[in-house]
Colleague: 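The structure that follows is given in the form of structure tokens.
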Amino acid sequence: MNFQILDADYIGTHDGPVVRLFGRAEGGESVCCFVPGFEPYFYLNAEGELDKLSTMLRERFDVIKKVDIVPKFEPVGYQVSKKPMLKVTTMEPRNVPEIRDDVLTLPGVKEVYETDILFRNRFLIDKDLHGMGWVTATPSSNEPVSEGRIYCDSVFTADSLEEIEKLSIAPLKYLAFDIECLPIGGSMPVPETSPVIMVSMSFSPAYNGHETVVLVAKKVEGIGEDVECFDSEAQMLSRFFEIFQEYDADVISGYNINDFDVPYIADRVNILTDSGENVRSSVGRDGRLLSYRKIGNRTMVSIPGRVVVDALPLIRSQYSLKRYTLRNVAKELLDSEKLDVAPSEMEEYWNDSGERILKFIDYARRDSELAMELILKLRLLDKHIAISQVSGSILQEVVDGGQTSMVDNLLLREYGRADRVIPPKPNDELVAMRNRSSEGLKGGEVLEPKRGLLEDVVILDYKSLYPTIMMAHNLCYTTVVEQDRPDGDTIKPPSGGEFVSAGVSKGIMPSILESLLQRRTETKRKMKATSDETEHRVLDATQLALKILLNSFYGYSGYTRARLYSLALANAVTSFGRNNILDTRALINGSISKVILRDDSAYFTEELSSIDPNDEVVSLSVVYGDTDSVFVQCASKKDVSLDGLGLVGSKIAATVSDSLPDPMELEFESIARRALFIAKKRYAIWVFERSGDGWEDGIKVKGMETVRRDWCGLTSKTLNRVLELVLKEGNVESAVQHVRSVVDGVRNIDVRTDSAIIEDLTMTRMFSKKATSYKNKQPHLTVAEKIEERTGTPPPVGERIPFVIVAGKDLFVNRAEDPEYVRENNIPIDVDYYIKKQLLPPVERILGVFGVDMANLDYDSKQKGLFDFSDKPQTNAVEFKKKEVDVQPQQQTSTDKKSQSSLFDF
DNA sequence: TGCGCAACCTAA
DNA sequence: TTAGTTAGGTTGCGCA
């Protein structure tokens with residue numbers, strides 16, 4: 001039987017541990033496959049006589065099943081040869097963590113390795129199986145080991161198990177749910193007092209013909225057949241769990257279920273059970289009851305055999321939004337409206353027996369529908385499924401965890417193959433030491449931008465810079481020269497240290513990266529070849545997953561909580577990177593310097609015997625660069641077409657790439673017809689990218705206020721318009737006019753008549769830590785406190801808090817207010833703050849390039865005297881701009897070229 | 001007025 | 001038993 005591995009765990013039996021693989025088969029059946037016979041173990045590094053130690057271990061610990069002497073490399077450093085270590089096999093997986101500390105106290109024992117690998121991961125790694133990978137299993141005649149009912153269509157013990165190559169994804173079943181609770185007096189409901197009154201469920205594919213089902217804990221007349229009514233909350237919840245198990249979903253979803261719905265239901269079940277009701281909350285494929293664990297601030301939910309996917313954290317990490325309420329997310333990402341009953345009105349709606357209760361039911365239904373839509377329409381899981389397949393981690397681990405677990409997984413696999421052991425995760429003490437001992441990790445190089453408006457800038461970037469550096473220079477934990485001296489070449493990074501060359505010993509990490517890169521290239525090739533849309537999507541997710549993994553290794557190496565942490569390695573990578581971008585700039589400015597365009601080809605001067613009058617000579621100069629990118633300004637006497645600039649870009653890319661070791665590669669990315677550099681990491685460009693045979697244009701903004709969530713929408717919108725006018729139309733005058741009209745509008749805001757404007761004046765900031773650990777007061781903290789005063793509950797840490805600044809004499813931070821409250825109470829906002837602090841400074845940073853200043857913009861300012869106010873600000877601005885431009889020689893040419901175009905056409 | 005600091009968010 | 005990294009700009013505030 002073939003099935004895709006969704007989840008894995010193990011159970012203990014009197015014959016030792018038995019692994020359970022849960023999955024979904026090609027034909028659509030859910031599968032639970034038992035695999036006996038795999039044993040837990042760890043490694044031990046000791047000095048002295050290993051035979052004696054081995055005997056001592058077996059005598060001392062009766063949970064040790066056997067001890068073998070195996071040759072292994074230590075985790076870090078180039079080593080000429082392996083050394084004998086002990087492989088300790090225990091009876092039960094839990095024995096490994098139980099005895100690891102005691103084992104360390106035995107004489108001669110130096111270190112223990114791989115003592116904290118979850119048994120299911122150990123199994124998957126050793127058997128070369130992967131999360132979301134397909135396996136073919138031969139069912140055994142043996143009865144499946146059973147600890148009670150398994151909620152799967154097919155349950156069997158496997159004689160043999162092997163991974164198979166298969167691109168498709170099994171027909172997964174999704175269930176999204178959402179609960180409604182009855183708040184007492186309009187405040188936040190708590191399980192101790194507020195019952196669950198409705199449960200809304202959405203299914204994909206449908207459940208008995210229903211896409212949604214709503215369960216209601218009271219009798220209601222006039223409902224449809226997809227609404228079920230119950231006499232009590234307990235009966236309703238029992239039905240929920242019954243449907244849950246009957247439907248047998250692979251993916252359990254909802255919005256904020258991890259932090260709210262799941263704990264709430266679990267708590268309610270306990271409360272109801274304590275009061276004598278009978279609710280069995282069976283949800284696992286092994287019948288496990290619904291439960292959750294609090295780890296620090298976060299709630300972890302796991303359901304054996306299924307994957308719990310809360311849409312909220314996924315959306316938080318994948319989309320940059322001002323707010324992550326379901327209402328806002330639905331509006332921004334699905335363009336659909338969430339329906340709501342205000343908490344204060346809920347009781348009224350609930351107690352109604354007519355239209356309002358029906359409305360309430362429909363609203364509830366909508367919430368689980370939206371969660372399902374988010375998962376399916378935004379394809380939130382595709383990337384995670386691909387990462388699971390590529391890294392080998394179980395899907396739940398990929399969804400919940402970060403990059404560490406995927407890198408761990410890949411490293412464990414390859415270290416194992418190369419007979420190297422891996423240390424356990426560092427304890428807090430070691431982490432503290434690593435953090436303390438910091439000579440520090442230096443990062444990427446950011447080139448000083450040439451500020452102002454530039455034209456014809458070719459943008460190039462390094463393809464996977466850090467991974468390719470690691471490959472090119474064989475940088476790895478396993479190649480760093482520490483204990484043994486190599487007999488052969490070494491590589492000395494600019495940061496210091498020494499690594500053996502690939503000729504001496506190829507590093508494990510470079511090998512992993514190479515195979516990931518190769519797979520990515522292959523996947524992209526397949527993508528181009530296929531015409532099947534589903535296949536294309538799967539391949540696209542796969543290549544993206546490969547890219548994410550490629551880029552995770554560097555960060556891991558400099559992460560103090562990583563199993564393998566090496567400052568020498570991480571610093572080697574970035575130091576090569578810094579040198580590389582500086583060398584690239586020198587090469588382009590220096591020996592390349594000019595490119596000549598002739599007959600749709602690009603040449604260097606030395607490639608041509610003479611310069612023809614029809615040749616276009618393009619002079620190059622690097623005007624900006626950040627870590628792995630270079631922006632090259634192209635100056636020419638004549639206008640150069642996009643295709644011409646494309647040729648220049650490709651010529652530069654090829655030339656620079658040729659000068660670099662494989663597989664480092666500079667790629668031509670795009671062309672900015674106009675580019676405005678404000679500061680490092682802050683710029684806007686009118687960019688043209690290749691699209692089929694032609695070019696596709698757009699405006700790209702980096703780092704400026706338009707893309708920052710702690711600035712108000714009014715600023716973003718105004719700035720975007722200004723950038724568009726300046727970059728696309730070259731029309732500074734219109735930009736100035738636009739800003740003036742906006743400023744005018746703000747001056748005349750009357751909150752009482754125009755409460756919609758509040759939306760545009762709202763800023764948000766993340767409530768990033770407990771209120772007590774803030775050293776300084778913050779505007780969003782002020783609002784958080786006010787909300788707590790008003791409702792009794794503060795917003796949770798991690799939430800983005802919206803606020804506006806209201807009029808008054810007090811300190812800025814104290815005048816932050818909840819926008820909702822401002823709307824309801826018609827509180828006047830601080831018009832001056834919005835003009836002087838929100839609108840004008842960012843605008844001035846842009847228009848200042850053309851000589852426009854505050855006085856030109858805020859012409860209606862009541863404090864005219866503060867600024868050097870001019871009679872004819874608009875003319876002033878433009879004349880200044882013209883002069884500015886004329887002063888710069890690079891732009892002299894562009895002025896000539898474009899003197900008839902809109903830039904100076906006024 | 002200038003400076004240092006905390007806090008935020010972004011680029012890569 | 002959580003969590004890849006550093007570089008960099010901007011703001012508000014308290015203080016010399």
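Note: hydrogens, waters and symmetry copies are ignored here, and every other heavy atom, side chains too, is used.
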Colleague: From the options B:dA11, B:dC8, C:dA3, select the nucleotide whose nearest atom is closest to the side chain of A:Ser768.
Modeller: B:dC8

Colleague: Could you tell me whether the phosphate oxygens of B:dC8, OP1 or OP2, come under 4.0 Å of any side-chain nitrogen or oxygen in A:His780?
Modeller: yes

Colleague: Report the distance from atom CG of A:Leu781 to atom C1' of B:dA6, rounded to the nearest whole Å.
Modeller: 13 Å

Colleague: Give none if B:dT1 has no partner; otherwise give the nucleotide forming a Watson-Crick or G-U wobble pair with it, both distances under 3.5 Å.
Modeller: C:dA16

Colleague: Find the partner of C:dG8: check Watson-Crick (N1-N3 plus N6-O4 or O6-N4) and G-U wobble (N1-O2, O6-N3) distances, both under 3.5 Å, and reply none if neither fits.
Modeller: B:dC9

Colleague: Within the supplied structure, the quantity of interest is the number of heavy atoms (other residues, nucleotides, ligands) at a distance under 6.0 Å from A:Asn297 CG; does it exceed 12?
Modeller: no

Colleague: Closest to the A:Val813 side chain: C:dT1, C:dG12, C:dT11?
Modeller: C:dG12

Colleague: To the nearest Å, how far apart are A:Asp628 CG and C:dT6 P?
Modeller: 17 Å

Colleague: Testing A:Tyr10, A:Tyr41, A:Phe42 one by one against A:Phe119 for a ring-ring contact (aromatic ring centres under 6.0 Å, His included), which residue passes?
Modeller: A:Tyr10

Colleague: Need one value for A:Arg709: base, sugar-phosphate or nothing, where a base atom within 4.0 Å counts as base even if backbone is also close, heavy atoms only.
Modeller: sugar-phosphate

Colleague: Could you tell me whether A:Phe631 and A:Tyr683 have their ring centroids closer than 6.0 angstrom?
Modeller: yes

Colleague: Would A:Lys769 pass as a cation-pi partner of A:Tyr774, given that its NZ or CZ must be under 6.0 Å from the six-membered ring centre and within 45 degrees of the axis?
Modeller: yes

Colleague: Just call it for A:Gly555: base, sugar-phosphate, or nothing, with non-hydrogen atoms closer than 4.0 Å on any strand.
Modeller: base

Colleague: Can you find a donor-acceptor N/O pair under 3.5 angstrom joining the side chain of A:Arg298 to the base of C:dT2?
Modeller: yes

Colleague: More than 12 foreign heavy atoms under 6.0 Å from NZ of A:Lys837: is that the case here?
Modeller: no

Colleague: Quick one: A:Glu445 CD to C:dT5 P, roughly how many Å, whole number?
Modeller: 21 Å

Colleague: Watson-Crick or G-U wobble partner for C:dA3, using a 3.5 Å limit on both distances?
Modeller: none

Colleague: Rounded to whole Å, how long is the line connecting atom CG of A:Asn435 with atom P of C:dT5?
Modeller: 9 Å

Colleague: Given B:dA12, C:dT5, C:dC13, identify the nucleotide with an atom nearest to the side chain of A:Leu811.
Modeller: C:dC13

Colleague: Which is true for A:Lys775 with a 4.0 Å heavy-atom rule: it touches a base, it touches only sugar-phosphate, or it touches nothing?
Modeller: sugar-phosphate

Colleague: What does A:Lys425 touch in the nucleic acid at a heavy-atom separation under 4.0 angstrom: a base, only the sugar-phosphate, or nothing?
Modeller: nothing

Colleague: Donor-acceptor pair, distance only, cut-off 3.5 Å: does the side chain of A:Glu445 make one with the backbone of A:Ile581?
Modeller: no

Colleague: When all nucleic acid strands are considered with a 4.0 Å heavy-atom cut-off, which category describes A:Lys769: base, sugar-phosphate, or nothing?
Modeller: sugar-phosphate

Colleague: NA contact type, A:Tyr624, heavy-atom cut-off 4.0 Å: base, sugar-phosphate, or nothing?
Modeller: nothing

Colleague: Look at A:Arg800 and B:dC8 and indicate whether a side-chain polar atom (N or O) is within less than 4.0 Å of OP1 or OP2.
Modeller: no

Colleague: On the nucleotide B:dA12, are OP1 or OP2 found under 4.0 Å from the side-chain N or O atoms that A:Tyr683 carries?
Modeller: yes

Colleague: Starting the side chain at C-beta, find the nucleotide from B:dT10, C:dT2, C:dT5 nearest to A:Arg561.
Modeller: C:dT2

Colleague: OP1 or OP2 of C:dA7 versus the side-chain N and O atoms of A:Arg682: is any pair under 4.0 Å?
Modeller: no

Colleague: Atom NZ of residue position A:Lys680 - does it have more than 12 heavy atoms of other residues, nucleotides or ligands inside 6.0 Å?
Modeller: yes

Colleague: Select one nucleotide: of B:dA12, B:dA6, C:dG9, the one nearest the side-chain heavy atoms of A:Asn776.
Modeller: B:dA6

Colleague: Should A:Ser552 be listed as having a side-chain N or O under 4.0 Å from OP1 or OP2 of C:dG4?
Modeller: no

Colleague: A:Asp400 CG to C:dA3 P: how many Å, rounded?
Modeller: 11 Å

Colleague: If you check the A:Lys681 side chain, which of B:dA7, C:dG8, C:dT10 turns out closest?
Modeller: C:dG8

Colleague: Rounded to whole angstrom units, what separation is found between the NZ atom of A:Lys702 and the C1' atom of C:dA7?
Modeller: 16 Å

Colleague: Base, sugar-phosphate, or nothing for A:Gln778, non-hydrogen atoms under 4.0 angstrom?
Modeller: sugar-phosphate

Colleague: Quick one: label A:Val707 by what it contacts on the DNA or RNA (base, sugar-phosphate, nothing), any heavy atom closer than 4.0 Å.
Modeller: sugar-phosphate

Colleague: Under 4.0 angstrom, heavy atoms only, what part of the nucleic acid is A:Met704 near: base, sugar-phosphate, or nothing?
Modeller: nothing

Colleague: Rounded to the Å, how far apart are A:Asn814 CG and C:dT11 P?
Modeller: 20 Å

Colleague: Select base, sugar-phosphate, or nothing to describe what A:Tyr774 touches, counting heavy atoms under 4.0 Å on all strands.
Modeller: sugar-phosphate

Colleague: Which one, B:dC9, B:dC8, C:dA3, comes nearest to the side chain of A:Tyr559?
Modeller: C:dA3

Colleague: Verify the ring-centre separation between A:His473 and A:Phe499: is it less than 6.0 angstrom?
Modeller: no

Colleague: Can you figure out which of B:dA12, C:dT2, B:dC9 approaches the side chain of A:Arg765 most closely?
Modeller: B:dC9

Colleague: Check every strand shown and say whether A:Tyr462 touches a base, only sugar-phosphate, or nothing at a heavy-atom separation below 4.0 Å.
Modeller: nothing

Colleague: Return the nearest nucleotide to the side chain of A:Leu441; candidates are C:dG12, C:dT6, C:dT10.
Modeller: C:dT6

Colleague: Using whole Å, report how far NZ of A:Lys836 lies from P of C:dT11.
Modeller: 15 Å

Colleague: Nearest of B:dC9, C:dT11, B:dA11 to any side-chain atom of A:Pro841?
Modeller: C:dT11

